[in-house]
Visitor: 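Let me begin by handing over the structure; questions about it come next.
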Amino acid sequence: MENKRLQAKSTNIVSFMPNGDYYYSKALKAIDRDEMDKAYKYIKRAADLSPDDAHVLLQYGILEMELQNFEHAYELIHTAYSKEPNEAEIIFMLAEISGCLGLIHDAKKYAAQYLELETDGAYNEDALEILDFVDYVADTEQDMDEHDAAKMLAQEKARRLMEQGHFQQAIEALEQVIEEFPQLWTAYNNLALAYFYIGEAEQAKALLHEVLRENHGNLHALCNLTVFAYYEENAVELEELIALLKKIQPYDWENRYKLGATLALIGQYEEAFKWLRSMAKKGYEGDTGFYFWLAQSAYFSGHEQFAQHTWKNLLELDPTKEGLEPWADGDIEKYQDTTENHRDFLIRQLSNESESGRLLGLFLLKKSSHKQEIVAHPTMLNVSNFTELEKLSLAYALEYDFNEKVNAEKFFLRFMKVAEEIVDANESISSEVAQILSTWFAIGEIAYNEGYDFKNTSALAAAVEYSYNDALEKNVTKKTIAEKYNITSATLTKYNDILYDFIPADSK
């Protein structure tokens, strides 16, 4: 399909607030410039902000089709169709995605419906090609019936709800699926994950044991129990489950993938690489998750060149993963003792009683080699309890694209830039630099909430470091610190006085 399907209706939106229309417009402009990685990022954000906009959902679905994420594309386009059932472009795209998934009957139905609506439409030739293809394969291809399509759509919807953190909604959707399809074990497994993510660990494990009783040896249930034991730090149960998983010799792709990804997640990299590599050797062309775990397991089991090659494959499918390479922070041995890579310290900060402590943790998370593990963990980041400033900080850690036309986001980026300049001036985040950063987040949190604009970030960074040293009565002059940050001593004095107004009352 030509890029014409990526050309949607233009808009004339001028917005200084980051709403769905704003990001939809930016996505369309990125498509026009063939900047597909940016387009994908913008359209995802637009869909988050405008989940009921049929045209946003359609465009998101088209981009997912380009990435061959067909199940999600089907869900998005089908949802768009439910909101705009007479929109010709949506109907045609529904025909195309149905064909991609083997829904031959639906592909034919929607292609014919499109041609009835549009006698001279932009996709007429493509619709006719779909009809010709359907007729050609009708006797050889096995069509997915409506029963199977309903199961697929319901499960995909639940999976996406879980990915978006809407676990209670996912639970409701999965319980409905199980009621309709009581032997659909994948739904039980996903329901167990959803319960675990909301803290109902016992309910989650009970579901998995029910699966194992009714469907003995279900690998997905065993893998999920292993992940639960890993997160709960249940060493005895984890050791028993790992020993069991290492004895399993799965044949089909789905089970090999699940086994390999699970082993990679819990740090059993050599075993994980064996299974995932065996799939790649036999020509398996997987999704972004497959290449992510294959690269991770390859890198941490000593196959660095193979890991780098695999990561290139991943970036072709999902350019947004750039910068998340397992080697992105450089030599692991060299940096493993820096504060951001001290796992226990980082976790303590993320669960700190004070907001400023948690802000420090989120800042360090952006630079940590443990970032992927912590973000994927079901309980370490309780986003539902985050303050607005914490949500911005998490978005910063995840490299969200901020809109500097919005003052709150512009000031927030300057707030973070002060911390970045402290790190840059000191080259690495030692325990002492972490203390300086802690001082900054305690002061900066108050300043941000009072609407301070953080204009001179270098001067603020210098003032924080100087006040930290001064409080400890270290023999460090203003001139030394000023030169370190390329400002004058007078500017340092000015901003040191400004900072004093934001020092927490019990610290003055």
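Along the sequence shown, residues are numbered consecutively beginning with 1.
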Visitor: Does a side chain donor of either Asn189 or Lys258 reach within less than 3.5 Å of an acceptor in the other side chain?
Guide: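 There is no such pair between these side chains.
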Visitor: Using side-chain heavy atoms (C-beta onward) and a distance below 4.5 Å, is Leu212 in contact with Leu225?
Guide: yes
Visitor: If you compare all heavy atoms of Tyr188 against all heavy atoms of Pro182, which two are closest, and at what distance to 0.1 Å?
Guide: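 Shortest heavy-atom contact: OH-O, 2.8 Å.
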Visitor: Test of understanding: with salt bridge (charged side-chain N to carboxylate O under 4.0 Å, His left out), list the residues that count as partners of Glu175, not counting sequence neighbours.
Guide: none
Visitor: Check this for me: does any side-chain nitrogen of one of Lys417 and Glu421 sit under 4.0 Å from a carboxylate oxygen of the other?
Guide: yes
Visitor: Can you tell me which residue pairs pass the side-chain hydrogen bond (donor to acceptor under 3.5 Å, both in side chains) test with a partner in residues 431-452, sequence neighbours excluded?
Guide: Glu432-Lys474
Visitor: Quick check: do Tyr24 and Arg45 have side-chain heavy atoms less than 4.5 Å from each other?
Guide: no
Visitor: Salt bridge or not for Arg348 and Glu353, using N-O below 4.0 Å?
Guide: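 Salt bridge flag = no for Glu353 with Arg348.
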Visitor: Going through the distances and angles, do Glu232 and Lys205 end up as a salt bridge (Lys or Arg N to Asp or Glu O under 4.0 Å)?
Guide: CA-CA 12 Å; Glu232 293 180 330; Lys205 285 183 275 192; 3.2 Å; yes
Visitor: Between the main-chain N or O of Met65 and the side-chain N or O of Asn69, is there a donor-acceptor pair closer than 3.5 Å?
Guide: no
Visitor: Partners of His78 by side chain to side chain contact (heavy atoms under 4.5 Å, CB included), sequence neighbours excluded?
Guide: Tyr74, Leu94, Leu153
Visitor: Main chain of Ala298, side chain of Ser301: is a donor-acceptor contact present, judged purely on distance under 3.5 Å?
Guide: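 Answer holds: yes.
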Visitor: Verify the ring-centre separation between His303 and Phe273: is it less than 6.0 angstrom?
Guide: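 Yes; His303 has its ring centre under 6.0 Å from that of Phe273.
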Visitor: Ignoring hydrogens and geometry, is there a side-chain-to-backbone donor-acceptor pair from Ser354 to Gly357 under 3.5 Å?
Guide: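 Answer holds: yes.
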Visitor: Between Ser368 (side chain) and Leu364 (backbone), is there a donor-acceptor pair under 3.5 Å?
Guide: no
Visitor: Do the ring planes of Phe412 and Tyr396 sit parallel (below 30°), tilted (30 to 60°) or perpendicular (above 60°)?
Guide: perpendicular
Visitor: Counting only heavy atoms not in Lys274, do more than 12 sit closer than 6.0 Å to its NZ atom?
Guide: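 Above 12, so yes.
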Visitor: Quick one, Phe415 and Leu392 - any side-chain contact, counting heavy atoms below 4.5 Å?
Guide: no
Visitor: Would you call Lys367 and Glu420 a salt bridge, using N to O less than 4.0 angstrom?
Guide: yes
Visitor: Check Glu355 with Arg358, please: is the shortest side-chain N to carboxylate O separation under 4.0 Å?
Guide: no
Visitor: Please confirm whether the backbone N or O of Thr387 pairs with a side-chain atom of Glu390, one donor and one acceptor, at under 3.5 Å?
Guide: yes
Visitor: Check side chain to side chain contact (heavy atoms under 4.5 Å, CB included) between Pro250 and all other residues, then give those that pass, not counting sequence neighbours.
Guide: Leu219, Ile248, Asn255, Arg256, Leu259, Trp275
Visitor: With sequence neighbours left out, write down each residue that passes side chain to side chain contact (heavy atoms under 4.5 Å, CB included) with Ala434, or none if nothing qualifies.
Guide: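 Partners of Ala434 by the side chain to side chain contact (heavy atoms under 4.5 Å, CB included) criterion, ordered by chain and then number, come out as Thr339, Ile429.
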Visitor: A side-chain contact here means heavy atoms from C-beta on lying under 4.5 Å apart; do Tyr231 and Phe196 qualify?
Guide: yes
Visitor: Indicate whether the side chain of Glu64 and that of Tyr40 have a donor and an acceptor atom separated by less than 3.5 Å.
Guide: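 Side-chain D/A pair, Glu64 to Tyr40: present.
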Visitor: With the threshold set at 4.0 Å, does a side-chain nitrogen-carboxylate oxygen contact exist between Glu388 and Lys391?
Guide: yes
Visitor: Suppose the criterion is salt bridge (charged side-chain N to carboxylate O under 4.0 Å, His left out): which pairs have a residue in residues 294-315, not counting sequence neighbours?
Guide: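 Matches after skipping sequence neighbours: none remain.
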